[in-house]
Amino acid sequence: MDTVKKDKLLSLIVPVYNEEEVLPISYEKMNEAMANLGYRYEIIYVNDGSRDGSMKILRSIAKDNPHVKVRSFSRNFGHQTAVTCGMDAAKGDALIIIDVDLQDPPEVIADMVKAWENGADIAYGKRLKRKGETVFKKLTAFAYYRILRAMSAYPIPLDTGDFRLLDRKVADVFLKMREHNRFLRGMSGWMGFEAVPVEYVRNERYAGKTKYTLKKMLRLASDGIIGFSDRPLTLCGEFGIGLFVLDVLGLIALIVLACCNVAFPSWLWALCGVVGIQAAALLFMAMQGMYLNRIYDEVKARPLYIVAEDINL
Ligand code: UDP
Ligand code: MG
């Protein structure tokens with residue numbers, strides 16, 4: 001990449017949902033971090049249907065600072081949609097996604113920008129440690145990222161959230177993907193490009209409580225697995241094949257016993273029949289699943305391919 005010129009524009013995208021306790025201090029820290037980079041910048045807040053005083057605070061911040069832009073939703077659409085909306089509105093040459101609650105330290109933005117200046121298309125925050133989160137959250141997150149990685153056909157880096165910088169060309173591809181069940185870190189992995197980790201220690205929330213309820217968390221987790229892995233579908237077929245092999249072995253054993261005139265209860269024949277029918281049912285389900293998977297792929301309408309570079313074209 002050419003050396004990045006300081007007249008380029010950086011867009012910081014901040015989703016906000018009922019965050020009146022942290023917004024003022026968060027704005028000060030983020031504005032300072034952005035101003036110190038020496039680039040032109042904009043901070044785009046997306047108010048995801050907050051019902052507290054967040055919008056009032058955002059109005060007053062935007063009145064005083066022309067760098068600040070605000071887009072407000074009619075209701076709560078969820079974090080992933082709020083971030084996408086901020087990206088739609090962003091005009092920057094690089095887009096940075098950050099949580100408002102200061103869990104993603106604004107100082108790390110400078111490291112991400114440095115990685116971008118050195119040619120990275122994506123600079124993603126990699127959590128070395130998570131401070132101030134419950135054991136439940138830490139454990140489930142640890143296990144989830146590992147299961148997802150094992151199941152996904154595309155590399156999704158471990159212990160990585162949505163805190164990341166995307167070059168404009170990456171963001172443009174990303175914004176072509178209009179799937180409704182969005183899992184941004186998975187989409188980012190699916191796209192490829194040169195992705196560089198930037199390590200950081202995740203702070204505890206500056207104030208307020210998590211806005212990711214257990215229900216929202218589970219929804220996000222299933223969006224990650226269903227959107228980026230067909231393992232749950234193929235598992236059904238593998239189980240069916242396993243059951244079928246077992247059934248055939250059982251049947252052979254019964255035939256051998258019968259030939260050798262060894263007595264056994266006759267209902268074992270019936271059991272073999274029932275298990276065989278079950279195995280066939282599972283295999284037919286798996287076949288339907290394959291069609292379903294293809295329909296799902298088509299409906300997502302992701303780009304067929306992504307060009308990273310063209311020469312003499
Ligand atoms: N958020 C949002 N909509 C929601 C839930 C959360 O815009 O429905 C925002 C929230 O204001 C914050 C970010 O998404 O900026 C991450 O949420 P939170 O810190 O509550 O999640 P956690 O860090 O606990 O996973
Ligand atoms: Mg948080």
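One-based numbering along the sequence shown. All values reported here derive from a predicted model rather than from experimental measurement. In each ligand, atom 1 is the first atom listed, and ligand 1 is the first ligand listed.
Here the shortest heavy-atom pairing between Gly240 and Leu282 reads CA-CB, 3.7 Å.
Taking the ring axis of Phe228 as reference, the NZ or CZ atom of Arg302 stays within 45° of it and closer than 6.0 Å to the ring centre. For the pair Lys126 and Tyr124, the cation does not sit on the ring face, since its NZ or CZ is not both under 6.0 Å from the ring centre and inside 45° of the axis. Remark: Arg146 qualifies as a cation-pi partner of Phe142 under the 6.0 Å distance and 45° angle criteria applied to the six-membered ring. For Arg75 and Phe77, the positive end sits near the middle of the six-membered ring, less than 6.0 Å away and at most 45° from its axis.
Annotation: atom 19 (O) of ligand 1 to nearest protein heavy atom, Asp101 OD2, 2.6 Å. In terms of protein heavy-atom proximity, atom 11 (O) of ligand 1 is nearest to Glu19 OE2, 2.5 Å. The nearest protein atom to atom 14 (O) of ligand 1, hydrogens excluded, is given as His79 CD2, 3.1 Å; this is a heavy-atom distance. Among all non-hydrogen protein atoms, the one lying nearest atom 9 (C) of ligand 1 is Pro15 O, 3.9 Å. The closest protein non-hydrogen atom to atom 3 (N) of ligand 1 is Asp48 OD2, 2.6 Å. Nearest to atom 24 (O) of ligand 1 among the protein's heavy atoms is Thr210 OG1, 2.5 Å. When hydrogens are left out, the protein atom nearest atom 17 (O) of ligand 1 is Tyr212 CD1, 3.8 Å; that is the closest non-hydrogen contact.
Set against the non-hydrogen atoms of Gly78, the atoms of ligand 1 under 4.0 Å away are 3 (N), 8 (O). Interface atoms of ligand 1 facing Arg202, defined by a heavy-atom separation under 4.0 Å, are 23 (O). For ligand 1, the atoms sitting less than 4.0 Å from at least one non-hydrogen atom of Gln103 are 19 (O), 22 (P), 23 (O), numbered in the order shown with element in parentheses. Counting atoms of ligand 1 from 1 in the listed order, those under 4.0 Å from a heavy atom of Lys216 are 4 (C), 8 (O).
Inclusion of Gln103 in the first shell of the Mg ion (ligand 2) is supported: an N, O or S atom falls under 2.8 Å.
Thr140 contributes a side-chain N or O that, together with a main-chain N or O of Lys137, makes up a donor-acceptor pair within less than 3.5 Å. Remark: the backbone N or O of Glu19 is paired with a side-chain donor or acceptor of Ser54 at under 3.5 angstrom.
Assignment of Arg205 to the shell around ligand 1 is supported, since a heavy atom sits closer than 4.0 Å. The closest approach between a heavy atom of Glu204 and any atom of ligand 1 is not below 4.0 Å.
Between the side chains of Gln278 and Asp247, no donor-acceptor pair is found at a separation under 3.5 Å.
Contact check on Glu238 versus Arg231 returns a salt bridge, with a Lys/Arg side-chain nitrogen under 4.0 Å from an Asp/Glu carboxylate oxygen. Using a cutoff of 4.0 Å between basic side-chain nitrogens and carboxylate oxygens, Asp93 and Arg168 are not scored as salt-bridged. One finds no salt bridge joining Lys8 and Glu117 here, because no Lys/Arg side-chain nitrogen approaches an Asp/Glu carboxylate oxygen to under 4.0 Å.
No other N/O/S atom of Asp101 lies as close to the Mg ion (ligand 2) as OD2 does.
Contact annotation: for Met217 versus ligand 1, there are no heavy atoms closer than 4.0 Å. If you look at Asn76 next to ligand 1, the close heavy atoms, those under 4.0 Å, all belong to the side chain. Contacts of Val100 with ligand 1, taken as heavy-atom pairs under 4.0 Å, involve both backbone and side chain.
Residue Lys137 holds the heavy atom nearest to atom 22 (P) of ligand 1 of all those in Gln80, Lys137, Glu133, Lys211.
Taking the centre of each ring, His79 and Tyr212 come in below the 6.0 Å mark.
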